[in-house]
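Written out below as structure tokens is the structure these notes cover.
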Amino acid sequence: MKVSEIINNNKLNLSIEVFPPKTDSAFESVKTATEKIASLSPAFMSVTYGAGGGTSKYTLDICKNITERYGVATIAHLTCVSSTKETVQQKIREIKEAGIENIMALRGDIPADMLDADRSKWQYHHAIDLIRELKESGGDFCIGGACYPEIHPESANKKEDILHLKEKVEAGAEFLTTQMFFDNNLLYNFLYRIREAGINVPIVPGIMPITNAKQVERAIKLSGSHVPQRFKALVDRFGDDPDAMMQAGIAYATDQIIDLYANGISTIHVYSMNKPIVAEKIMSNLSDIIGK
Ligand code: FAD
């Protein structure tokens, strides 16, 4: 099923993100974790893509398994920046053959050892190049793109970031999933700015339930997200007690989700970090709201 059909149903839909294994030996344990999450029947799931190949084949294996065994629609992520046209076109064919209808089209991060490389001969520069290629492929995919309420770290300013986002939508992105954020007001401000700029596709906010203190540092380093005082206080108070931190982190994320839904946003993406317990607790906290 296409995610665009699910997003527009006006009910609270939770989508859950998982990532594929980084090594072949980890495949079975990741598969089991993703199956446990799928058995909770989220509205849909997305499976990330390890940029640069490697274990990237597992993205499709996990998507296929989830849909075939649990009937849950999936989004396969695909990055392009350090790939050749040949590799990307092969991936597109594989996605089509696997019957996956939804693709999150991403540029991917520039690999650290290529930051200073001459990029003029690269075949892909931005996610928009991949989106155009997907449209031309005749695959009839529902295409999503990424967006950044707190601005993409490489953008010179918010105006420029939103301008490129608009181009991405005009090229064919039917919905946009956000980078994680811990303060809903940042999302509301972002929504105001993009709607004013004429970007009208559904925005799917990304919520990361923080369940241990170390994860906070990692998540913030990766995303550059602002950490509000309310959240800092929670980590200071419970960071040394894993059970309490898990409970407090899930409560904080649940609170963010309820606030977003109350303010009219019906599809919300949860970064599960492959932890079935996180998906289970969030969904249980919202059991009387999901689907309504
Ligand atoms: P782009 O849309 O290309 O934007 C990147 C930067 O370039 C921005 O600053 C933008 O303003 C600018 N820009 C865009 N278009 C143009 C243009 N035409 N001219 C000039 N500048 C332009 N990474 C992975 O490796 N695998 C994943 O599975 C993955 N999943 C993700 C899911 C979500 C929801 C998010 C938010 C991120 C994900 N990422 C993933 C990380 C992502 O690949 C990085 O954030 C990457 O740095 C940017 O990707 P993008 O698709 O947003 O790039």
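All residue numbers refer to positions in the sequence shown, counting from 1. For ligands, and for the atoms within them, numbers begin at 1 and follow the listed sequence.
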With a 4.0 Å heavy-atom cut-off (strictly under), which part of H164 contacts ligand 1: side chain, backbone, both or neither? side chain

With backbone taken as N, CA, C and O and side chain as the heavy atoms from C-beta onward, which portion of T48 lies under 4.0 Å from ligand 1: side chain, backbone, both, or neither? both

Parallel, tilted or perpendicular, judged at 30° and 60°: which one describes the rings of Y252 and F231? perpendicular

Give a yes/no on ligand 1: does G108 have at least one heavy atom closer than 4.0 angstrom to it? yes

Side chains of [X] and [Y]: do they bring a donor and an acceptor to under 3.5 Å?
X: R93; Y: Q90; answer: yes
X: Y58; Y: D24; answer: yes
X: Y188; Y: D259; answer: yes

[atom]: which of [options] has the nearest heavy atom?
atom: atom 15 (N) of ligand 1; options: H126, H269, Q179; value: H126
atom: atom 41 (C) of ligand 1; options: Y49, F19, Y148; value: Y148
atom: atom 2 (O) of ligand 1; options: R107, K168, M104, H125; value: K168
atom: atom 35 (C) of ligand 1; options: S46, A146, P153, S155; value: A146

Geometry only, no angles: is A127 polar-contacting ligand 1 at N/O separations under 3.5 Å? yes

So is H77 polar-close to ligand 1, meaning N/O to N/O under 3.5 Å? yes

Would you say K2 has more than 12 foreign heavy atoms packed within less than 6.0 Å of its NZ? yes

Taking NZ in K232 as the centre, count heavy atoms belonging to other residues, nucleotides or ligands within less than 6.0 Å. Is the count above 12? yes

Atoms of ligand 1, numbered as shown, that sit under 4.0 Å from any heavy atom of [X]:
X: T177; answer: 34 (C)
X: T79; answer: 24 (C), 25 (O), 26 (N)
X: Y271; answer: 34 (C)
X: D161; answer: 8 (C), 9 (O), 10 (C), 11 (O)

Evaluation steps, salt bridge (charged side-chain N to carboxylate O under 4.0 Å, His left out), between R230 and D255: CA-CA 12 Å; R230 194 164 82 86; D255 190 43; 3.4 Å; yes

Positive for side-chain contact (heavy atoms from CB on, under 4.5 Å) with C147, one of L176, I194, T177, D161: L176

Is the NZ or CZ atom of K275 positioned over Y271's six-membered ring, under 6.0 angstrom from the centre and within 45° of the axis? no

